2 protein chains.
Amino acid sequence: MLLDNRKKEVLHAIVDDYVSTNEPVGSKSLIERHNFQVSSATLRNDMAELEHLGLIEKPHTSAGRIPSDKGYREYVNSLMTIEELSPKEQLEIEKRIDSSVDEVTDLIKNATHTLSETTGFVSLAMSPRLKKSFLKQLKILMIEPGKALVVMVLSAGVVKDKVVRIPNFLSDEQIMKISGAIEKNLTGKPLDEITLVTVETAGKGTEVPEPLLKQVLYEAYAAIKQADELNIYLDGEHRILELPDFSSLGRARDLLGTLSDSGMVAGYVNEMENAREHSADDSFMIRIGQEITLEGLDDCSFITATYNLTDSVSGNIGVIGPKRMLYSKVISQIDFVKKKLNKEMQRFT
Amino acid sequence: MLLDNRKKEVLHAIVDDYVSTNEPVGSKSLIERHNFQVSSATLRNDMAELEHLGLIEKPHTSAGRIPSDKGYREYVNSLMTIEELSPKEQLEIEKRIDSSVDEVTDLIKNATHTLSETTGFVSLAMSPRLKKSFLKQLKILMIEPGKALVVMVLSAGVVKDKVVRIPNFLSDEQIMKISGAIEKNLTGKPLDEITLVTVETAGKGTEVPEPLLKQVLYEAYAAIKQADELNIYLDGEHRILELPDFSSLGRARDLLGTLSDSGMVAGYVNEMENAREHSADDSFMIRIGQEITLEGLDDCSFITATYNLTDSVSGNIGVIGPKRMLYSKVISQIDFVKKKLNKEMQRFT
DNA sequence: GATTAGCACTCTATCCCTTCGAGTGCCAAC
DNA sequence: GTTGGCACTCGAAGGGATAGAGTGCTAATC
């Protein structure tokens, strides 16, 4: 974007003022609040130019200007400077992310909740993408005739299990044989390389009658596939109603309606994540306003960072807030939570 | 409540009309809509009387009447007649509560979601109160040095587990010994009779050095206690914004804010449940308006029913909606969902 | 060519006023 | 106990009028 320095400053100032006041910014108040060494008429010319470039817009003829999606984008890409959190803010976050939990899932929920409280927006996290982690243990425990529990320990330090139905007639011993065979042959394999065929092959050689064996193997396969399913954790949805940006009820309703379909949101995060992998920029994903293809999020920005459970196993954590947000602050809050999360996760791997 | 027949009819009509129109009901429109064989002036006298009794009230001097909390209460207790759901509605619910799930938890979430979709309100369910169910199996699986998984099978057909930390030096064999001892001594005991002391006693006699043994026993105890912790499932919170009763944003915000603290809501349901156990009425709990002690629910009614996983293990399922609701319909919807849930649960026990 | 002062114009938000209508309470009559 | 009649009340809706913040444009100035 070809902008001379003053125009950059003007855009910067407009974004800052609009974010903090929630009122369209006029040329006069811009002069009052900032140390521009020119007159308001000059700024008006600059603003007309910025509007022509599509960076700012007028709600109506005689109002001040507000940043457009493109304006926020320019601000985020080129103008803003990330500010570090104060030690006090850092401490607050560290304190809230309770490190005494026993399971990764709880840690993630914890971080998500903290992020919502810290930013005042809706926060969300995706569970780790486990498809690159590999099986370390797999046990099938007989619960009662016809019912068993498949317990899997994954390389990322995660334990998953699933109750499955098995044929009634199977003995404890037979189950242990099957379980042992699967474990022996599949240990060390990344989850995304395990298919029904792999599992069936692994189960061969156990002296269990064919149809019974096949059903157990299928259930084991289903359990493994379930283990790498993605979950999404949302938190602080109610905070939307605290934001003046969503005081119109209609907008709040649309947004909450969309968020209530967590599967859809998860799908969108995945899409974003895949798009990111191909480009080589840093680990933040930022979508502003209409850039977001989910319904009802036109007035939102969607910012996520990538956390890592291990080198190859990662997930996302971030916020959905109004596009009129303090980007520099929010980004560093997410970044700090992410770092803390990464640190705490080391305990599990 | 001493009311002559016509006054009962008037109150009934006011509730019906107000529920369906969301407008204060005047004496004239009451005449128009119902077949009262008296004049509007007579109804005005009756209404003045009902107001004097605190059953209806005026939003302001020259408006019609709306039912008060007490009025709704009288309506629910004595006036309304429960209507059965139509076969079509029943079928719709039966279809939605997917019976192919493998875990009780999923079944409950499923029913909760269905209830929210059916009623259009916020729905909620409590997990089964497992403290009366007893231990059928308990296994401690070594995951890696220092980490184990406690798997418990309960009499109600529920499987619970918890990752716990154990001393690094313990061998597989030692763990199995401890696990076996606990299982042998505690099988058949209701969860609420298991204390740290019981577990420690159960673990005696295993040839494992004292401090190590003690830590494992403590962790096993913690796992058992976690197994009978109550969970709450909320669904459809966003539907609140669809209701005209909460179009004022402030009210919606308060309500959603309260609901976001699911622990508090769970505590309240528990309180209600305990109060119910002492009185001997039927299985519905209905709280209207100010009867609800949770903040921000003054304009709501809270209705729950009790489902049963086994004779002694039960939980709650119900809705939170505006107190201006079609009670007879909503109650039969909850009732039907509850029955369907009970039926499906038999598969698990 | 960039900057500035000045000015006419535009649009919204707010306040005030009026009107309308539904509803009430009360009284006197039935 | 019931009814018709009537004065009264209050909120909702609509219609100016006004104030204020902001704009674009022009002509003068640096």
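Each chain gets a letter, A, B and so on, in the order its sequence line appears, and its residues count up from 1. All values reported here derive from a predicted model rather than from experimental measurement.
Of the two residues contacting DNA chain C, namely B/N45 and B/G64, the nearest-nucleotide position lying further toward the 5' end is that of B/G64. Residue whose closest nucleotide on DNA chain D sits further toward the 5' end, between A/A63 and B/Q37: B/Q37.
Considering only heavy atoms from C-beta on, B/Y72 stays 4.5 Å or farther from B/L55 through its side chain. Put simply, the side chain of B/H113 does not reach to within 4.5 Å of the side chain of B/S123, judged on heavy atoms.
Checking C/dA5, D/dT23, D/dG22 against the side-chain heavy atoms of A/S29 singles out D/dG22 as nearest. Set against C/dT4, D/dG24, C/dG25, the side chain of A/S39 has C/dT4 as its closest nucleotide. Relative to the side chain of B/A41, the nucleotides D/dG4, C/dG23, C/dT24 differ in distance, and D/dG4 lies closest. Closest to the side chain of A/T42, from the set D/dT23, C/dT3, C/dC11, is C/dT3. Taking the side chain of A/R44 as heavy atoms from C-beta on, and the options C/dT24, D/dT9, D/dC25, the nearest nucleotide is D/dC25.
Distance, B/I66 CD1 to C/dT24 P: 13 Å, rounded to whole Å. What separates NZ of A/K58 from P of D/dG22 is a distance of 13 Å, to the nearest Å. Across the protein-nucleic acid pair, B/E49 atom CD and D/dG1 atom C1' stand 13 Å apart, rounded to whole Å. Straight-line distance from the NE2 atom of A/H60 to the P atom of C/dC11: 9 Å, rounded to whole Å. Between the NZ atom of B/K28 and the P atom of D/dG5 there is a distance of 11 Å, given to the nearest Å. The CD-P distance, from B/E23 to C/dG23, rounds to 9 Å in whole Å. In this structure, the CD1 atom of B/I14 is 13 Å from the C1' atom of C/dG23, given to the nearest Å. The distance between atom CZ of A/R33 and atom C1' of D/dA21, rounded to the nearest whole Å, is 13 Å.
For the salt bridge (charged side-chain N to carboxylate O under 4.0 Å, His left out) criterion with A/D69, the lone passing option out of A/R324, A/K323, A/R287 is A/K323.
Nearest heavy atoms, A/I66 versus A/P24: CG2-CA, 3.8 Å.
Scanning atom types as modelled, one donor and one acceptor separated by under 3.5 angstrom connect the side chain of A/S62 and the base of C/dT10. Side-chain atoms of A/R65 stay outside donor-acceptor range of the base of D/dG24, with no qualifying N/O pair under 3.5 Å.
Between the side chain of B/T119 and the backbone N or O of B/L115 there is at least one donor-acceptor pair closer than 3.5 Å.
Phosphate contact (OP1/OP2 of C/dT10, side-chain N/O of A/T61, threshold under 4.0 Å): absent.
When heavy atoms are screened at a 4.0 angstrom cut-off, B/S40 is found touching no nucleic acid atom at all.
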